[in-house]
A.B. asks: 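One structure, as structure tokens, below. Some questions next.
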Amino acid sequence: QVRLVESGGGSVQAGGSLTLSCAASGSIFSDYLMGWFRQAPGKEREFVAAITRSGGRITYEDSVKGRFTISRDNAKNTVYLQMNSLKPEDTAVYYCAAGSVLSMRAPQYDYWGQGTQVTVSS
């Protein structure tokens, strides 16, 4: 079992930056692949980024490549999403997730946080 709690969301102007954090508890954080997903109103939850257990392999959704950076600190049981050059279409609730398979599909993740709101205005 893993409990995940996101933080760091907020409201920014287009072109601005935010850093999201996801703190894990209840299990050994380093045992899990970590991912970020987002869900805008009326839309399906979509993949954003994922990072393997050691941090050695990372994948991003195409629209965030070059703008977002996922990282993890296993000693702190925390995964981060640094978001730069934010666009209005990035507006969504952002969720972190833990799993065992590197995947862009939400059903392949086993544990989820409650989400943090990111709002980007033009």
Side-chain angles (χ1 to χ4, degrees):
Q1 293 290 328
V2 178
R3 184 185 180 220
L4 305 173
V5 180
E6 303 95 336
S7 62
S11 298
V12 297
Q13 291 286 323
S17 299
L18 285 172
T19 299
L20 306 183
S21 299
C22 175
S25 63
S27 190
I28 301 174
F29 178 75
S30 61
D31 286 350
Y32 293 90
L33 171 81
M34 298 298 299
W36 285 97
F37 289 76
R38 64 188 182 186
Q39 188 165 21
K43 295 186 177 181
E44 294 183 339
R45 190 167 299 187
E46 68 172 351
F47 175 79
V48 176
I51 185 168
T52 53
R53 299 174 187 181
S54 66
R57 185 154 295 178
I58 294 169
T59 188
Y60 296 98
E61 191 272 325
D62 286 344
S63 70
V64 309
K65 288 179 180 177
R67 300 189 298 121
F68 291 10
T69 302
I70 187 172
S71 62
R72 66 190 296 164
D73 186 339
N74 289 344
K76 296 181 178 179
N77 288 358
T78 302
V79 63
Y80 305 93
L81 186 68
Q82 174 66 48
M83 305 184 294
N84 299 321
S85 301
L86 283 162
K87 304 174 181 179
E89 53 262 44
D90 295 319
T91 295
V93 176
Y94 283 70
Y95 300 88
C96 66
S100 59
V101 179
L102 182 62
S103 176
M104 296 181 181
R105 290 180 51 81
Q108 294 194 256
Y109 290 79
D110 302 307
Y111 304 101
W112 294 85
Q114 293 300 306
T116 185
Q117 177 71 47
V118 172
T119 302
V120 185
S121 59
S122 61

A.B. asks: Once rounded to the nearest 0.5 Å, what's the spacing between atom CG of L81 and atom OG1 of T69?
C.D. replies: 8.0 Å
A.B. asks: Give the minimum heavy-atom separation between M104 and Y60, together with the two atoms involved.
C.D. replies: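 Distance-wise, the nearest heavy atoms are CE-O, 4.1 Å.
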A.B. asks: Would you call D90 and R67 a side-chain contact if the rule is heavy atoms closer than 4.5 Å?
C.D. replies: yes
A.B. asks: Side chains of E61 and F68, heavy atoms from C-beta outward: is any pair under 4.5 Å?
C.D. replies: no
A.B. asks: Given 3.5 Å as the limit, does a donor-acceptor pair link the side chain of E6 with the main chain of C96, or not?
C.D. replies: yes
A.B. asks: Give me the atom names and distance for the closest heavy-atom approach of W36 to L20.
C.D. replies: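 Closest pair (atom of W36, atom of L20, distance): CH2-CB, 3.7 Å.
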A.B. asks: Compare every heavy atom of S122 with every heavy atom of A14, then report the nearest pair and how far apart it is.
C.D. replies: CB-CA, 4.3 Å
A.B. asks: Indicate yes or no for a side-chain donor-acceptor contact from S103 to the backbone of V101 under 3.5 Å, with no hydrogens or angles considered.
C.D. replies: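 Not confirmed, S103 side chain does not pair with V101 backbone.
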A.B. asks: Any side-chain heavy-atom pair from T91 and R38 closer than 4.5 angstrom?
C.D. replies: no
A.B. asks: Can you measure from OG1 (T52) to CD1 (I58) and round to the nearest 0.5 angstrom?
C.D. replies: 7.0 Å
A.B. asks: Provide the closest heavy-atom pair for A23 versus T78 in the form atom of the first, atom of the second, distance.
C.D. replies: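 The answer is CA-OG1, 4.2 Å.
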A.B. asks: Could you tell me the separation between the CG atom of L102 and the CZ atom of R53, rounded to the nearest 0.5 Å?
C.D. replies: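 These two atoms lie 11.0 Å from each other.
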A.B. asks: What's the spacing between S54 OG and L33 CG if we round to 0.5 Å?
C.D. replies: 10.5 Å
A.B. asks: Tell me, do Y95 and V48 make a side-chain contact under 4.5 Å, heavy atoms counted?
C.D. replies: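 They are not in side-chain contact.
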A.B. asks: Taking the side chain as C-beta and beyond, is there a heavy-atom pair between W112 and R45 under 4.5 Å?
C.D. replies: yes
A.B. asks: Give me the atom names and distance for the closest heavy-atom approach of V2 to A24.
C.D. replies: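 Result for this residue pair: CG1-CB, 4.1 Å.
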A.B. asks: Atom CE of M34 and atom CG of N77: how far apart are they, to the nearest 0.5 Å?
C.D. replies: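 Between atom CE of M34 and atom CG of N77 there are 9.5 Å.
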A.B. asks: Do other residues, nucleotides or ligands put more than 12 heavy atoms under 6.0 Å from the CD atom of E89?
C.D. replies: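 Yes - once you tally the heavy atoms of other residues, nucleotides and ligands closer than 6.0 Å, there are more than 12.
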A.B. asks: Membership question, hydrophobic clusters at under 4.5 Å side-chain separation (ILVMFWY): are Y109 and V5 in the same one?
C.D. replies: no
A.B. asks: Work out which heavy atom in Q82 is nearest to a heavy atom in S17; give both atom names and the distance.
C.D. replies: NE2-CB, 4.0 Å
A.B. asks: Does a side-chain heavy-atom distance below 4.5 Å link F47 with T59?
C.D. replies: yes
A.B. asks: State plainly whether one hydrophobic cluster holds both Y80 and L86, where clusters connect Ile, Leu, Val, Met, Phe, Trp and Tyr through side-chain heavy atoms under 4.5 angstrom apart.
C.D. replies: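 In one cluster: no.
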A.B. asks: Using the rule that two of Ile, Leu, Val, Met, Phe, Trp, Tyr join whenever any of their side-chain heavy atoms come within less than 4.5 Å, decide whether V118 and F37 are in one cluster.
C.D. replies: no
A.B. asks: If you measure from OG1 on T116 to CG on L18, what distance do you get to the nearest 0.5 Å?
C.D. replies: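 T116 atom OG1 to L18 atom CG measures 9.0 Å (nearest 0.5 Å).
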